[in-house]
Amino acid sequence: MTVPDRPVAPGMRAQLDSQSYLGPATFGMRPLLTEPEQLDSWQPDVAVVGAPWDDNTTFRPGARFGPRALRASTYDPGTYHLDLGIEIFDHLEVVDYGDAVTSHGMWELSKAAIYERVKEVASRDIIPFVIGGDHSITWPSATAVAEQHGFGNVTMIHFDAHADTADILEGNLASHGTPMRRLIESGAIPGDKFIQVGLRGYWPGEEDQKWMRDNELKHFMMQEFWERGTHAVLADLIAAGRERGDKIYLSIDIDVLDPAFAPATGTPEPGGFATIDLLRIIRALVLEFDVVGFDVMEVSPPYDHADLTVNAAHRLIWEAFAALAVRRRDAR
């Protein structure tokens, strides 16, 4: 392996090391790369990719502004993780790889752009952290990751109030309520490699529930967390992940959080996780598994209050970074 070449000019370093309300709006104030060749020379562990697309939303739009808000509107939390006792970026190299250039109203072009941007990252064995955008983005994103590791070799752990396994919604095969069915049908991530967490509410109906049973999806409903408690269900979730393999794609719809903690989303559903619990669940999963892809979807800043949702979404990624840093430190 060649020695990474990671040049940052002194003036740019001063900008990136400033307060989060100063300088360029990159995720976590990390260096911005734009070219595949820069990924080759920089050799980061993680590359953050924005996917500003929300044209497949069924209710409240605005998630196209999620990537910009997650870069520009989050409070700078520091980089030392108190619980894990680790300085994150001493052990984990993270860059911001900009956005997939989507085309409003044009799904096929946008889908291709998201796929290609994520593929440029995943094909170099760099972990893509994709920030959306509506959940249809996970279809091309997870496909690119699955191609790198082999169709059928990646397990999806999907946090969501909704299963997103509808066949078609109002004539749209690419709705943000259908991406998980598209992934399963394509063979990229088969149904028996799907674990869904936090489902609740009133949709989808029996027809889609039967399809999920027939395709062997595993579920941990929100009701189960309420009845048994987070620690007990988390242990079973980890066991279910181990049964399906070590390589994990983690996909988080921010509406898995209760709207009291994350009001800014397209389809809020009361009765979800508290932020304190989800942060620790994500930390535990990333410590446990070989995470090969990660996304946070459905943050719609126009509906936010006091940046509650933006900060919660940011910290879910920060928890994953900290856990990855521990894994990198211990491996080295």
Side-chain angles (χ1 to χ4, degrees), residues 16-32 44-51 66-97 121 126-133 157 159 197-198 230 234 248-257 261-262 264-265 273-299 301 304 306-330:
L16 295 174
D17 288 345
S18 63
Q19 293 294 318
S20 57
Y21 56 83
L22 300 176
T26 66
F27 188 88
M29 304 297 285
R30 303 304 299 166
L32 174 65
D45 301 302
V46 169
V48 176
V49 175
R68 178 163 290 182
L70 279 165
R71 290 176 170 123
S73 301
T74 49
Y75 164 67
D76 179 6
T79 58
Y80 183 80
H81 196 287
L82 294 176
D83 294 335
L84 296 176
I86 193 166
E87 183 65 48
I88 296 172
F89 300 122
D90 282 355
H91 302 276
L92 188 76
E93 188 61 34
V94 176
V95 299
D96 190 322
Y97 194 49
V121 173
I126 301 164
I127 306 170
F129 273 58
V130 183
I131 49 178
I157 301 183
F159 288 82
V197 186
T230 298
L234 175 58
I248 299 291
Y249 188 112
L250 271 170
S251 182
I252 304 171
D253 186 323
I254 204 66
D255 73 18
V256 79
L257 289 172
F261 302 96
T265 190
F273 283 110
T275 309
I276 189 172
D277 293 321
L278 188 58
L279 288 170
R280 282 150 183 80
I281 291 169
I282 296 303
R283 183 200 306 174
L285 293 176
V286 179
L287 285 170
E288 185 70 30
F289 294 108
D290 179 15
V291 173
V292 295
F294 191 105
D295 67 45
V296 177
M297 299 291 145
E298 300 287 352
V299 175
D304 217 357
D307 295 330
L308 283 174
T309 314
V310 167
N311 280 305
H314 181 277
R315 298 308 193 274
L316 291 168
I317 297 172
W318 224 242
E319 285 293 320
F321 283 177
L324 280 171
V326 169
R327 287 179 62 95
R328 292 293 193 273
R329 179 197 65 192
D330 294 350

* Take the angle between the ring planes of Phe321 and Phe129 and call it parallel below 30°, perpendicular above 60°, tilted in between. => tilted
State, to 0.1 Å, how close [X] and [Y] come at their nearest heavy-atom pair, and which atoms those are.
X: Val94; Y: Pro31; value: O-CD, 4.0 Å
X: Val310; Y: Ala69; value: CG1-O, 3.6 Å
X: Asp295; Y: Ser251; value: OD1-OG, 2.7 Å
X: Ile127; Y: Gly293; value: CG2-N, 4.0 Å
X: Thr74; Y: Asn311; value: CA-OD1, 3.5 Å
X: Gly66; Y: Pro301; value: N-CD, 3.8 Å

Going by heavy atoms in the side chains, are [X] and [Y] under 4.5 Å from each other?
X: Glu298; Y: Thr265; result: yes
X: Val296; Y: Phe159; result: no
X: Thr275; Y: Leu257; result: yes
X: Val256; Y: Leu278; result: yes
X: Asp45; Y: Leu324; result: no
X: Val48; Y: Ile131; result: yes
X: Ile317; Y: Phe294; result: yes

* To do: List in chain and number order the residues that pass side chain to side chain donor-acceptor pair (under 3.5 Å) with Thr230, two or more places apart in sequence or in another chain; answer none if no residue qualifies.
  => none
* Would you mind checking if Asp83 and Arg283 are paired as a salt bridge, meaning a charged N to carboxylate O distance below 4.0 Å? => yes
* Answer yes or no: is there an ion pair linking Glu93 with Arg30, defined by an N-O contact shorter than 4.0 Å? => yes
Nearest 0.5 Å, what's the [atom1]-[atom2] distance between [X] and [Y]?
X: His91; Y: Ile86; atom1: NE2; atom2: CD1; answer: 4.5 Å
X: Ile254; Y: Met297; atom1: CD1; atom2: CE; answer: 11.0 Å
X: Asp96; Y: Phe27; atom1: CG; atom2: CZ; answer: 8.5 Å
X: Ile157; Y: Ile248; atom1: CD1; atom2: CD1; answer: 4.0 Å
X: Arg280; Y: Glu319; atom1: CZ; atom2: CD; answer: 6.5 Å
X: Asp277; Y: Leu234; atom1: CG; atom2: CG; answer: 10.0 Å

* side chain to side chain contact (heavy atoms under 4.5 Å, CB included) between Asp290 and Val292: does it pass, once the steps are laid out? -> CA-CA 6 Å; Asp290 179 15; Val292 295; 4.0 Å; yes
* Does one side chain, of Asp304 or Thr309, offer a donor that lies under 3.5 Å from an acceptor on the other? -> yes
* ring pair (Phe, Tyr, Trp, His ring centres under 6.0 Å) between Tyr80 and Trp318: does it pass, once the steps are laid out? -> CA-CA 10 Å; Tyr80 183 80; Trp318 224 242; over 10 Å; no
Can you give each donor-acceptor pair under 3.5 Å made by side-chain atoms of residues 17-25, sequence neighbours left out, with the distance rounded to 0.1 Å?
from	atom 1	to	atom 2	distance (Å)
Asp17	OD1	Arg13	NH1	3.3
Ser18	OG	Gln15	O	2.5

* **Worked check of side chain to side chain contact (heavy atoms under 4.5 Å, CB included) between Val95 and Val46** => CA-CA 6 Å; Val95 299; Val46 169; over 6 Å; no
* **ring-ring contact (aromatic ring centres under 6.0 Å, His included) partners for Phe273, two or more places apart** => Phe225
* To do: Assess whether atom CZ of Arg328 is packed by more than 12 heavy atoms of other residues, nucleotides or ligands within 6.0 Å.
  => yes
